[in-house]
Amino acid sequence: MPGLIDSHQHIATPPDRPTAEAVLRRLVYSGVTAIRDMADDLRQVGDLARAALLGEIPGPDIRYAALMAGPGFFDDPRTHQVSQGETPGAVPWMQAVTDSTDLRLAVALARGTHAAAIKVYADLDHTTVAAITAEAHRQGIPVWAHATVFPATPRQVVMAGADSVSHVTLLAFDGADGQLTSYKNKPQIDHQRFAAGDDPRLEELFALMRQRGTVLDATAGMGASDALAGTGPQDAARAAANAELAARLTAQAYRAGVDISTGTDYETDPQDPFPALYEELAFLVRRCGIPPEQVLRSATLIGARSAGVENVMGSVEAGKLANFVVLEDDPLRDIDHLRSVTLTVKRGRRFERGSFVPGNCHAEEPGRVGTEESGRVEETR
C-alpha cells in the first residue's frame with residue numbers, strides 16, 4: 001500500500017535532537033513516509049528535514065510550516081521554547097502579525113526558512129487571516145490554519161481560503177453564542193448541541209469546505225489516547241468528552257463529503273513499538289464509523305494533498321516517488337493489521353521492520369530498491 005502520512009506532528013517543541021530522531025525513526029519503520037510539521041523551531045526542523053531527505057537519518061519526508069499569529073499569542077511558553085536566543089514573534093519561522101505588518105515581506109521571510117506552508121494560529125481577525133492567505137497564495141505557498149483562529153471563526157477561516165484546517169473540535173465554535181475574542185478566552189463548548197451528530201450549522205460549514213476543497217486535519221483521536229489522559233478523574237472526564245465530540249464532528253464531516261487527513265498532534269510512549277498515527281486511524285474507523293479503505297485514503301492520498309505533494313506521493317503509480325509499505329495482513333479487513341508491517345520503502349530506500357528497536361534512535365544504513373537514483377517508481381510494461 002502507499003506510504004502513510006501523518007498530517008500533524010511537532011518534532012521540535014522544544015528542540016531535542018535525540019528524541020526527534022527517535023520519533024522519526026519509529027515513524028518510517030512503521031510505514032510513515034511523510035509528515036507535516038505544524039510549526040516548531042525550524043532551525044532544527046530544517047536540518048532534520050534535510051537529513052531525512054538525503055537518507056543521513058532514517059525518517060519520513062518533513063513538510064513544515066512557519067507560523068503567524070497575533071501579538072497576544074507570543075507570551076505562550078511554547079513560543080519561547082522554539083525561539084531560544086531570539087525574540088518570540090520576531091523570527092522568520094514565528095511572526096507576530098498586526099495591521100501594520102508588511103505581509104509581502106513577512107511571507108517572503110517565512111518562505112526563506114524553506115517552509116512548505118504558512119500556519120495561521122491565533123488572535124487574528126478574519127480580515128487579517130484573509131490578507132495573509134491571499135499573500136501566501138500569491139507567493140505560491142499554501143496556508144494551514146487552526147480551524148478557529150479567535151476571533152476569526154471556522155467559517156471565516158474557510159472563506160479566507162485556508163487550504164487545510166486543523167483540530168475538528170475547534171469547529172464547534174462555529175455558530176457559538178457570543179463573539180469570539182482571543183485564543184486564551186475560549187467560550188465553553190455546548191456539547192449537547194452536537195449530541196445528535198447532525199448540527200445544521202456545521203452541515204452548512206461542511207458543504208462550504210467540500211465546495212472549496214478545504215482539507216480537515218481532524219486530530220480526532222487525541223482525547224482517547226492514554227498518552228494524553230491526564231492524572232485524575234477530572235482530566236479523564238474532560239478527555240472522554242472531547243473524544244466523543246471529536247467522533248461526532250468527524251463522522252458528520254465524513255458523511256458531508258469533507259476530505260479528512262490523518263494528523264495526530266502527539267506521540268505514543270518512546271517504548272511503544274508503533275506511533276500515534278495507528279491510534280488515529282483506529283479511532284476514525286471504530287469511533288467515527290469511517291470504512292477502513294476511506295481511512296487509508298485519508299492517510300495516503302488526502303494526506304499528500306494536505307501537504308501539497310499529491311503530485312509525487314500518496315499513491316503507488318508511475319512517476320511518483322517509491323514510497324510504499326509491505327504488510328503481512330490486510331488492513332482493509334482490520335485496521336490493526338497495520339501492525340503487521342514488514343517493510344517500508346521511502347524514496348527507494350528500504351527500512352526492514354525487523355531491524356527496528358523501540359526507543360533506539362540509531363539505525364542501520366537503509367538499503368535501496370529500484371533502478372532510479374531519484375527513488376521514483378518506474379512504469380512496468
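Contact annotation: the side chain of L53 approaches that of D61 to within less than 4.5 Å [non-hydrogen atoms, C-beta and beyond]. Counting heavy atoms from C-beta on, the side chains of R17 and L48 come closer than 4.5 Å. Side-chain contact between E203 and D198 is absent, with no heavy atoms from C-beta onward closer than 4.5 Å. By the 4.5 Å heavy-atom criterion applied to side chains, F283 and S225 are not counted as neighbours.
Using a 30° and 60° split on the angle between ring planes, H146 and Y121 fall in the tilted class, from 30° to 60°.
Salt bridge annotation for E352-R350: present, with a cationic side-chain nitrogen under 4.0 angstrom from a carboxylate oxygen. A salt bridge between D41 and R78 is absent, with no side-chain N of the basic residue lying under 4.0 Å from a carboxylate O of the acidic one. Under a 4.0 Å N-O distance rule, the pair D37/R63 does not qualify as a salt bridge. Ion pairing between a basic and an acidic side chain is recognised when a charged N comes within 4.0 Å of a carboxylate O; R25 and E21 show no such pairing. Look at K184 and D123 and you find no salt bridge, because none of the NZ, NE, NH1 or NH2 atoms lies under 4.0 Å from a carboxylate O. The pair E204-R201 fails the salt-bridge criterion, with no side-chain N (NZ, NE, NH1 or NH2) lying under 4.0 Å from an Asp/Glu carboxylate O.
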Item to check | Verdict with supporting geometry, S182 and N185, side-chain hydrogen bond (donor to acceptor under 3.5 Å, both in side chains) | outcome: CA-CA 5 Å; S182 71; N185 296 297; 2.9 Å; yes
Next on the checklist: Determine whether V23 and Q9 satisfy the following criterion, side chain to side chain contact (heavy atoms under 4.5 Å, CB included), listing intermediate values before the conclusion.
Outcome noted: CA-CA 10 Å; V23 168; Q9 272 278 345; 4.2 Å; yes
Item to check | Criterion side-chain hydrogen bond (donor to acceptor under 3.5 Å, both in side chains) on T219 and H8, from CA distance to verdict | outcome: CA-CA 7 Å; T219 65; H8 203 120; 5.6 Å; no
Next on the checklist: If you apply the rule side chain to side chain contact (heavy atoms under 4.5 Å, CB included), what do you find for T33 with T344, and how did you get there?
Outcome noted: CA-CA 8 Å; T33 53; T344 304; 3.8 Å; yes
Item to check | side-chain hydrogen bond (donor to acceptor under 3.5 Å, both in side chains) evaluation trace for R26 with T268 | outcome: CA-CA 11 Å; R26 179 173 63 179; T268 49; 3.2 Å; yes
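Checked by atom type and distance alone, the side chain of T98 pairs as donor or acceptor with a backbone atom of S100 at under 3.5 Å. N323 places a side-chain N or O within donor-acceptor distance of the main-chain N or O of R347, the cut-off being under 3.5 Å. With hydrogens and angles ignored, the 3.5 Å screen pairs no side-chain donor or acceptor of K320 with any backbone N or O of E317. Between the side chain of W93 and the main chain of S83, no donor-acceptor pair closer than 3.5 Å is present.
In plain terms, the two heavy atoms of A115 and A110 that are nearest each other are CB-O, 3.7 Å. F74 approaches T79 most closely through the heavy-atom pair O-OG1, 3.3 Å. The minimum heavy-atom distance linking A251 with C288 is given by the pair CB-O, 3.4 Å. Nearest heavy atom pair, residue V325 against residue G31, reads CG2-O, 3.4 Å. Closest approach of A12 and V45 over heavy atoms only: CB-CG2, 3.7 Å. Nearest heavy atom pair, residue V143 against residue H137, reads N-NE2, 4.2 Å.
Under the salt bridge (charged side-chain N to carboxylate O under 4.0 Å, His left out) criterion, the residue pairs touching residues 240-255 are E244-R248, E244-R287, with sequence neighbours excluded. For the salt bridge (charged side-chain N to carboxylate O under 4.0 Å, His left out) condition, the pairs that include at least one residue of residues 211-235, sequence neighbours left out, are R36-D217, D235-R238. The salt bridge (charged side-chain N to carboxylate O under 4.0 Å, His left out) contacts involving residues 159-169 comprise nothing, where partners must be two or more places apart or lie in separate chains. Within the structure, the side-chain hydrogen bond (donor to acceptor under 3.5 Å, both in side chains) test picks out the following pairs touching residues 291-309 (sequence neighbours left out): D259-R305. Every pair passing side-chain hydrogen bond (donor to acceptor under 3.5 Å, both in side chains) that includes a residue from residues 170-179 is listed here, sequence neighbours excluded: R155-D174. Residue pairs that meet the ring-ring contact (aromatic ring centres under 6.0 Å, His included) test with at least one member in residues 212-232, sequence neighbours left out, do not exist here. The list of salt bridge (charged side-chain N to carboxylate O under 4.0 Å, His left out) pairs with a residue in residues 84-110, not counting sequence neighbours, is empty.
Here T13 pairs with D40 under the side chain to side chain donor-acceptor pair (under 3.5 Å) rule; sequence neighbours left out. For S30, the side chain to side chain donor-acceptor pair (under 3.5 Å) partners at least two apart in sequence or on another chain are R353. Listed by chain and residue number, D6 satisfy the side chain to side chain donor-acceptor pair (under 3.5 Å) test with T264 (two or more places apart in sequence, or in another chain).
Listed by chain and number, the hydrophobic cluster partners of V215 are I302, where partners are ILVMFWY side chains within reach of under 4.5 Å, directly or through others. Grouping Ile, Leu, Val, Met, Phe, Trp and Tyr residues whose side-chain heavy atoms lie under 4.5 Å apart, directly or via other members, places M222 in a hydrophobic cluster with L228, Y266.
If you look at F150 and F173, their ring centroids are closer than 6.0 Å.
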